[in-house]
Amino acid sequence: MPLPKMPTKPAALLSPKDYPTAEKAKTGKTAKVAVEKEKTVFKTEAIAKKPAAKPAAPAKPAASPAPAAVAAAPAQNAREATQQVAAVKAKNPQNKAKSGISRAADKSGISKMFVLDTNVLMHDPTCLFRFEEHDVYLPMITLEELDDHKKGMSEVARNARQVSRTLDGLVADISHDAIEHGIPLSKLGNKDAGGHLYFQTKLQNIDLPRGLPQGKADNQILGVVQALEKEFPGRPIVLVSKDINMRIKARAMGLPAEDYFNDHVLEDSDLLYTGIVQLPDDFWNKHGKGIETWQENKNGISTTFYRITGPVIPSLLVNQFVYLEPKNGEASFYGQVRQINGKTAVLQTLRDYGHVKHSVWGVTSRNREQNFALNLLMDPECDFVTLLGQAGTGKTLLALASGLAQVLETKTYNEIIVTRVTVPVGEDIGFLPGTEEEKMSPWMGAFDDNLEVLNKSDNDAGDWGRAATQDLIRSKIKIKSLNFMRGRTFVNKFLIIDEAQNLTPKQVKTLVTRAGPGTKIVCLGNIAQIDTPYLTEGSSGLTYVVDRFKGWAHSGHVTLARGERSRLADHASEIL
């Protein structure tokens with residue numbers, strides 16, 4: 001009898017036809033359940049981005065296997081699969097934010113019914129199809145609030161209209177009886193949505209505690225959740241809302257409530273990709289065998305390359321920065337990953353922008369992270385750069401200095417375009433007079449401050465020389481508003497997006513897709529200072545692009561750690 005086929009990829013299950021004898025010996029539902037649980041484990045491990053297991057060696061089928069022995073192996077696999085799933089869920093921080101009823105339903109495998117608040121639909125118009133096999137329930141007051149917010153040209157109004165169009169497509173050609181029994185969410189082609197959509201088709205007896213006004217929309221939704229729990233006593237009913245106060249009221253009434261997690265790129269901002277890795281102290285001892293080195297000269301700059309092999313390489317990403325600072329007095333090593341092929345990588349040494357001879361428009365790097373950032377900003381092969389850091393780390397100054405150097409000195413780009421989100425910190429001051437650039441000028445105070453630093457020319461030039469230099473610089477800098485970006489294409493531009501943490505993932509996509517040939521986009525921001533409502537550190541557009549672009553050969557990211565503004569600012573950020 002021939003041996004079964006080898007798995008085609010790591011962690012792939014063998015087909016039942018490859019085990020004809022064992023398949024006949026399986027009795028009952030035990031083996032089928034074990035296989036299904038093993039599939040769940042492998043899917044969960046793939047989502048958690050864990051390294052895949054080695055391919056299992058093909059087992060030699062016995063001449064006459066005993067049915068009891070064959071059934072015992074799947075049962076043991078099922079126990080191991082259950083333990084692995086529990087371990088993965090324990091490490092998942094999303095489980096901590098879930099309600100107790102929801103976690104219990106996940107363990108037992110019972111399908112849940114999610115009651116959606118209006119702000120969830122207006123935040124993510126595709127949220128109806130992101131609850132997997134679970135059902136979705138929409139109260140009538142939610143549809144009323146959608147109707148109130150559909151007018152206007154804001155992002156919220158556009159999302160409300162998109163949700164209305166989606167609901168219209170779902171209820172088309174559906175009878176009233178079918179609506180009561182649930183509309184399949186996969187009707188419009190969304191195969192990932194395995195649940196049903198339910199509408200509130202009848203008036204329910206709402207018994208709210210005293211002190212909660214009946215006419216408020218949030219309280220009516222809470223009453224609907226309470227009525228559904230009485231109507232379906234054995235079914236987990238969970239309220240999903242972006243409103244923190246509403247979730248608090250629901251918990252106070254004993255109702256399960258959760259935040260909307262699907263738009264979160266990361267649950268913990270500490271897990272965000274930093275773009276920098278510190279190599280272990282024994283790096284050269286483990287990776288020094290068979291090392292290759294050579295030099296290349298590009299644009300008049302000589303660079304050294306190393307081709308190394310070792311166990312640390314698979315954990316690295318392309319364009320990631322690595323450094324090694326030995327404590328025994330040896331020379332430090334700073335490099336950038338250029339290629340990765342299995343356990344072999346090509347590392348490139350960096351240019352030292354901390355030296356005055358290599359200054360960029362008179363600016364030198366003051367720490368390790370700033371030197372990494374300048375290497376990305378001055379690299380013509382890097383089309384998309386993201387800089388993350390607290391206030392005073394030099395994000396705007398580095399981006400503006402590198403843009404001026406490549407526009408006015410090397411002529412790599414035609415001009416600098418600066419834009420940012422116009423979200424005020426305090427109360428708005430009202431309408432601003434003038435043209436587009438004049439209206440945007442109050443928002444660009446940070447760039448004006450940095451331009452004053454960069455415009456420091458030789459004192460011998462006099463006032464006329466300094467004025468001429470400022471006019472030349474300002475003629476190459478254009479300030480644009482986000483409201484007029486749709487449909488535009490920037491060719492050979494150096495585009496700086498400031499305060500990118502206030503952008504939604506959809507707005508970031510709109511901006512980044514404006515890039516034409518020869519354009520470089522630089523995103524700056526601090527995810528600890530988000531002013532846009534309903535945006536968090538995990539769902540910010542800046543977090544979204546940092547996570548999605550990591551590892552691409554033409555993008556790079558650096559998290560700036562140390563403030564360099566002044567000793568007063570550094571001390572204030574620590575104690576206040």
Side-chain angles (χ1 to χ4, degrees), residues 9-11 45-46 48-55 270-355 358 365 367-388 546-562:
K9 57 183 180 180
E45 290 179 348
K49 296 183 180 178
K50 289 191 174 183
K54 294 182 180 179
D270 294 336
L271 302 176
L272 185 62
Y273 173 65
T274 62
I276 304 171
V277 170
Q278 182 178 6
L279 299 176
D281 294 335
D282 58 348
F283 175 76
W284 293 116
N285 295 333
K286 292 186 177 180
H287 300 74
K289 295 181 180 180
I291 187 172
E292 301 178 28
T293 179
W294 70 95
Q295 286 188 341
E296 293 183 7
N297 195 337
K298 291 183 178 180
N299 302 322
I301 302 173
S302 180
T303 309
T304 305
F305 291 86
Y306 299 93
R307 180 177 281 111
I308 59 176
T309 304
V312 177
I313 305 304
S315 63
L316 301 178
L317 294 171
V318 177
N319 278 347
Q320 193 172 27
F321 291 97
V322 295
Y323 71 94
L324 179 61
E325 296 175 344
K327 299 179 181 178
N328 55 5
E330 296 180 1
S332 301
F333 173 73
Y334 302 99
Q336 186 179 10
V337 182
R338 283 303 187 184
Q339 293 179 12
I340 292 181
N341 186 9
K343 290 189 176 182
T344 303
V346 175
L347 302 183
Q348 174 188 346
T349 57
L350 303 179
R351 195 177 192 193
D352 184 16
Y353 286 101
H355 198 279
H358 299 151
S365 60
N367 54 51
R368 178 179 60 231
E369 288 79 15
Q370 286 189 356
N371 189 44
F372 293 162
L374 283 175
N375 275 274
L376 283 178
L377 292 168
M378 299 300 292
D379 185 3
E381 294 297 322
C382 192
D383 300 332
F384 185 72
V385 179
T386 50
L387 298 182
L388 209 65
V546 169
D547 186 71
R548 292 300 177 93
F549 272 91
K550 65 181 180 183
W552 188 45
H554 301 286
S555 70
H557 169 72
V558 172
T559 299
L560 302 173
R562 198 169 70 192

Original post:
Could you give the distance from CD1 (Ile291) to OG1 (Thr309), rounded to the nearest 0.5 Å?
Top reply: 9.0 Å
**OP:** Hey, could you give me the CD/CG distance between Glu381 and Asp383, rounded to the nearest 0.5 Å?
**Re:** 7.5 Å
**OP:** Please examine the side chains of Leu347 and Phe305, heavy atoms only from C-beta on, and report whether any two atoms are closer than 4.5 Å.
**Re:** no
Original post:
Side chains of Tyr334 and Glu325: is there a donor and an acceptor less than 3.5 Å apart?
Top reply: yes
**OP:** Starting at CG of Asn371, measure out to OH of Tyr353 and round the result to the nearest 0.5 Å.
**Re:** 8.0 Å
Original post:
Just how far is it from atom NZ of Lys550 to atom OG1 of Thr274, taken to the nearest 0.5 Å?
Top reply: 10.0 Å
Original post:
How about Pro280 and Val312: do any of their side-chain heavy atoms sit closer than 4.5 Å?
Top reply: yes
Original post:
Relative to the ring of Phe372, is the ring of Tyr323 parallel (under 30°), tilted (30 to 60°) or perpendicular (over 60°)?
Top reply: tilted
Subject >> Basic-acidic side-chain contact under 4.0 Å: Arg368, Asp352 >> reply: no
**OP:** Please test His557 against Ser555 for side chain to side chain donor-acceptor pair (under 3.5 Å), starting from the C-alpha separation and ending with a verdict.
**Re:** CA-CA 7 Å; His557 169 72; Ser555 70; over 6 Å; no
Original post:
Pro326 and Ser332: which non-hydrogen atoms are nearest, and at how many Å?
Top reply: CD-CA, 4.0 Å
**OP:** Assess whether side-chain contact (heavy atoms from CB on, under 4.5 Å) is satisfied between Leu350 and Gln336, documenting all intermediate values.
**Re:** CA-CA 7 Å; Leu350 303 179; Gln336 186 179 10; 3.7 Å; yes
**OP:** Taking atom types as modelled, find out whether Trp294 and Glu292 have a side-chain donor-acceptor pair closer than 3.5 angstrom.
**Re:** no
Subject >> Derivation and outcome, side-chain contact (heavy atoms from CB on, under 4.5 Å), residues Val322 and Val337 >> reply: CA-CA 7 Å; Val322 295; Val337 182; 4.2 Å; yes
Original post:
Is there a side-chain contact between Thr344 and Ile313, using heavy atoms and a 4.5 Å cut-off?
Top reply: no
**OP:** Please find out if less than 6.0 Å separates the ring center of Trp552 from that of Phe384.
**Re:** no
Subject >> More than 12 heavy atoms of other groups within 6.0 Å of Asn341 CG >> reply: no
Original post:
Between Glu369 and Phe321, is any pair of side-chain heavy atoms under 4.5 Å apart?
Top reply: no
Subject >> side-chain contact (heavy atoms from CB on, under 4.5 Å) partner of Leu387, chosen from Val558, Thr559, Val546 >> reply: Val558
Subject >> Heavy-atom check, side chain of Cys382 versus side chain of His554, under 4.5 Å >> reply: no
Original post:
Under 3.5 Å, is there a donor-acceptor pair linking the side chains of Asn319 and Arg338?
Top reply: yes
**OP:** Measure the CG-CG distance between Leu388 and Leu560 for me, rounded to the nearest 0.5 Å.
**Re:** 8.0 Å
Subject >> Thr304 and Tyr306, any side-chain heavy atoms less than 4.5 Å apart >> reply: yes
Original post:
What is the minimum heavy-atom distance between Gly354 and Ser365, and which atoms define it?
Top reply: N-OG, 3.0 Å
Subject >> Distance in Å, Leu279 CG paired with His287 NE2, rounded so as to fall on 0.5 Å steps >> reply: 8.0 Å
Subject >> Smallest separation among heavy atoms of Ser302 and Asn297, with atom names >> reply: N-OD1, 4.1 Å
**OP:** Apply side-chain contact (heavy atoms from CB on, under 4.5 Å) to Asp281 and Leu324, showing your working.
**Re:** CA-CA 7 Å; Asp281 294 335; Leu324 179 61; 4.2 Å; yes
